[in-house]
Protein chains: 2
Amino acid sequence: MMRERRSVGRPRASSRDTIEEAAAELFLEQSYAGTTIDDITQRAGVSRATYFNYFDSKSDLLWIDADQAIERFSECVGAGFKVLDAIATVASEVGSERVPLVVAQSDVMGTGDELVASGFVRVARVTTLIRAALVAESSEEPGSLSLHVRANCLSGAIIAAWGAWIAGGVSRRSLAEYLNDALALVKLEQ
Amino acid sequence: MMRERRSVGRPRASSRDTIEEAAAELFLEQSYAGTTIDDITQRAGVSRATYFNYFDSKSDLLWIDADQAIERFSECVGAGFKVLDAIATVASEVGSERVPLVVAQSDVMGTGDELVASGFVRVARVTTLIRAALVAESSEEPGSLSLHVRANCLSGAIIAAWGAWIAGGVSRRSLAEYLNDALALVKLEQ
DNA sequence: TCTATTACTGCACTCAGTACAACAAACCGA
DNA sequence: TCGGTTTGTTGTACTGAGTGCAGTAATAGA
């Protein structure tokens with residue numbers, strides 16, 4: 001990802017947005033796999049080095065929206081929210097205005113290994129956050145098996161809900177609704 | 001992965017084993033990240049092209065043992081085993097003779113993104129298999145949310161058990177024991 | 001105007017992964 | 001024994017992601 005700034009030094013150009021837009025266009029025209037980072041930076045009118053100033057990898061572009069949500073989730077957890085509250089909060093803030101790039105591309109590419117793999121990096125982050133929240137709110141031992149199982153089930157439910165939300169077309173029902181259904185299936189307490 | 005052979009044509013040299021051994025040695029000496037495919041093939045006395053004849057990627061080497069287990073799991077599911085039976089069967093066959101490479105390396109590398117990502121490719125495969133088995137054994141709709149949630153919880157439990165097994169040192173308790181504990185926490189039926 | 005700080009660029013490099021043509025070793029049927 | 005077929009192995013050339021770094025540009029503040 002790579003965010004935040006300081007108010008000293010040369011101010012940023014609009015590079016980040018320009019890059020995102022160029023990428024979105026090109027992914028539509030040529031698909032993710034068919035687009036190189038050079039293509040993107042060229043269209044954005046920016047150097048390749050600048051790309052890596054803003055993103056850590058090519059696949060980061062697919063997950064911009066998800067990463068924002070995760071960032072938000074992280075803040076909630078850090079602020080002491082209970083897991084289910086944090087999930088509900090973030091979900092309520094996720095709109096359906098924009099189709100995440102990863103979705104458009106999974107249609108085109110299928111679920112190839114690269115896409116799947118880059119997705120798990122996010123899953124892993126979420127799961128880690130859930131564990132932290134569970135430890136804070138319950139009497140779960142930090143390294144215990146049951147903590148891991150519970151956290152994995154929760155993130156499993158989130159993934160399932162997210163997948164269903166995507167599969168159904170993001171504007172049919174809200175993510176929050178899918179999450180309600182999914183989390184109800186996971187008997188958390190006992 | 002890439003396996004199986006036919007009895008026609010030039011017979012295989014012992015390339016595969018040689019490569020695995022060379023890799024195991026080098027990973028110990030220089031770590032996974034510090035070892036290139038060239039290093040490996042050079043020590044194995046084999047060409048680079050041959051490497052990709054046997055493995056699809058560098059990270060495949062880390063997951064040799066896991067991939068074998070998944071292959072077995074796939075067979076069980078294909079043979080009509082119920083999910084829990086398939087899991088139990090595979091688990092009972094997993095020995096603790098050898099420390100999987102991915103474990104040794106996660107000590108050294110921490111859980112870097114590459115390792116995490118390559119791991120999820122496996123998780124995704126397992127989850128897909130679980131879904132297939134659930135569809136076959138229950139009255140679950142192929143694309144339903146509850147199917148996905150249940151499958152994700154099960155694979156979440158498996159991952160947790162696997163992680164605990166690794167973390168505790170593979171020879172302290174058997175994988176099957178950890179799996180029992182983990183799966184008990186997932187109230188599958190309702 | 002000088003300085004510190006940050007944004008941006010250019011360039012050279014490493015390495016994973018792909019593609020493909022050529023060669024080697026086995027088997028088979030004639 | 002001789003081609004022909006099949007499959008394993010090699011060499012080579014290529015693409016493209018990601019890294020490292022030195023150098024330059026633009027700003028704020030002293």
Side-chain angles (χ1 to χ4, degrees), chain A residues 1-20 22-23 26-27 30-63 101 105 109 112-119 121, chain B residues 1-20 22-23 26-27 30-63 101 105 109 112-119 121:
Chain A
M1 274 190 306
M2 291 172 139
R3 291 275 181 162
E4 79 203 60
R5 65 172 64 201
R6 278 155 284 284
S7 66
V8 204
R10 174 175 175 171
R12 294 193 148 152
S14 53
S15 310
R16 186 187 187 95
D17 291 338
T18 326
I19 293 172
E20 288 185 15
L26 285 164
F27 289 173
Q30 320 176 346
S31 88
Y32 174 80
T35 304
T36 69
I37 296 185
D38 277 317
D39 291 340
I40 298 171
T41 55
Q42 212 168 317
R43 175 164 306 190
V46 139
S47 83
R48 217 180 96 90
T50 295
Y51 177 89
F52 286 102
N53 246 328
Y54 285 98
F55 304 94
D56 289 327
S57 70
K58 185 185 174 190
S59 57
D60 272 15
L61 288 170
L62 294 174
W63 300 94
L101 286 180
Q105 286 306 308
M109 312 168 42
D113 275 359
E114 184 186 1
L115 203 156
V116 169
S118 66
V121 175
Chain B
M1 272 194 308
M2 298 172 136
R3 292 271 181 163
E4 81 204 56
R5 64 172 63 204
R6 275 155 286 285
S7 67
V8 204
R10 175 175 175 171
R12 294 194 149 150
S14 53
S15 309
R16 188 185 187 98
D17 290 339
T18 325
I19 292 172
E20 288 185 17
L26 285 164
F27 289 173
Q30 320 176 345
S31 88
Y32 174 80
T35 304
T36 69
I37 295 185
D38 276 319
D39 291 339
I40 298 170
T41 54
Q42 212 167 319
R43 175 163 308 190
V46 142
S47 85
R48 219 181 95 90
T50 295
Y51 177 89
F52 286 101
N53 244 328
Y54 285 97
F55 303 95
D56 290 325
S57 70
K58 187 186 172 190
S59 57
D60 272 14
L61 288 170
L62 295 174
W63 299 95
L101 285 180
Q105 287 305 309
M109 309 168 44
D113 275 359
E114 184 187 358
L115 203 156
V116 169
S118 66
V121 175

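This one's a predicted model, so the numbers in the text were calculated from it and none came from an experiment. Atoms considered below: every heavy atom in the structure, side chains included; atoms not considered: hydrogens, waters and symmetry mates. First the proteins, then the strands, lettered A, B, ... as listed; each starts at 1.
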Query raised in the report: Are A:Val46 and A:Thr18 close enough, and set up right, to give a side chain to side chain contact (heavy atoms under 4.5 Å, CB included), and what steps lead you there?
Result: CA-CA 9 Å; A:Val46 139; A:Thr18 326; 5.5 Å; no
[atom1] of [X] versus [atom2] of [N]: gap in Å, rounded?
{"X": "B:Phe52", "N": "D:dG11", "atom1": "CZ", "atom2": "C1'", "result": "15 Å"}
{"X": "B:Asn53", "N": "C:dT18", "atom1": "CG", "atom2": "P", "result": "12 Å"}
{"X": "A:Asp56", "N": "D:dA17", "atom1": "CG", "atom2": "P", "result": "15 Å"}
{"X": "A:Phe55", "N": "D:dT19", "atom1": "CZ", "atom2": "P", "result": "15 Å"}
{"X": "B:Tyr32", "N": "C:dC15", "atom1": "OH", "atom2": "P", "result": "13 Å"}
{"X": "B:Asp38", "N": "D:dT12", "atom1": "CG", "atom2": "C1'", "result": "13 Å"}
{"X": "B:Gln30", "N": "C:dT14", "atom1": "CD", "atom2": "P", "result": "16 Å"}
{"X": "B:Gln42", "N": "D:dG11", "atom1": "CD", "atom2": "C1'", "result": "15 Å"}

Report task. Please determine, for the side chain of B:Thr36, which listed nucleotide (D:dT19, D:dT9, C:dC15) has the closest atom? Result ->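 Comparing D:dT19, D:dT9, C:dC15 against the side chain of B:Thr36, the answer is C:dC15.
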Report task. With the side chain of A:Arg12 defined as its heavy atoms from C-beta on, choose the nearest nucleotide among C:dG17, D:dT19, C:dC8. Result ->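 Closest of the options to the side chain of A:Arg12: C:dC8.
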Query raised in the report: Can you list, by residue number, the residues of residues 43-50 of chain A that have a non-hydrogen atom closer than 4.0 angstrom to DNA chain C?
Result: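 Going residue by residue through residues 43-50 of chain A, the ones with a heavy atom under 4.0 Å of DNA chain C turn out to be A:Val46, A:Ser47, A:Ala49, A:Thr50.
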Query raised in the report: Under the 6.0 Å and 45° cation-pi test, does B:Arg16 pair with B:Phe55?
Result: yes
Report task. Check whether NZ of the Lys or CZ of the Arg A:Lys58 lies under 6.0 Å from the centre of the six-membered ring of A:Tyr32 and within 45 degrees of that ring's axis. Result -> yes
Applying side-chain hydrogen bond (donor to acceptor under 3.5 Å, both in side chains), can you list everything that pairs with [X], at least two apart in sequence or on another chain?
{"X": "B:Asp38", "value": "none"}
{"X": "B:Ser57", "value": "B:Ser59, B:Asp60"}
{"X": "B:Gln30", "value": "B:Thr35"}
{"X": "A:Ser118", "value": "A:Trp63"}

Report task. Report yes if at least one side-chain N or O of A:Tyr51 is closer than 4.0 Å to OP1 or OP2 of D:dG18; otherwise report no. Result -> no
Query raised in the report: Below 4.0 angstrom from OP1 or OP2 of D:dG8, is there any side-chain N or O of B:Tyr54?
Result: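 For B:Tyr54, the contact criterion (side-chain N or O under 4.0 Å from OP1 or OP2 of D:dG8) is not met.
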Report task. Heavy atoms under 4.0 Å is the rule here; annotate nucleotides 25-30 of chain C 5' to 3' with B where the base is hit, S where only the sugar-phosphate is, and - elsewhere. Result -> BS----
Report task. Looking at every strand, decide which applies to A:Ser59 at a 4.0 Å heavy-atom threshold: base, sugar-phosphate, or nothing. Result -> nothing
Requested in this report: Indicate, with a heavy-atom threshold strictly under 4.0 Å, whether A:Thr41 touches base, sugar-phosphate, or nothing.
Outcome: nothing
Query raised in the report: Do B:Asp17 and B:Tyr54 have side-chain heavy atoms sitting under 4.5 Å apart?
Result: no
Query raised in the report: Taking C-beta and beyond as the side chain, do A:Ile40 and A:Phe27 meet within less than 4.5 Å on heavy atoms?
Result: yes
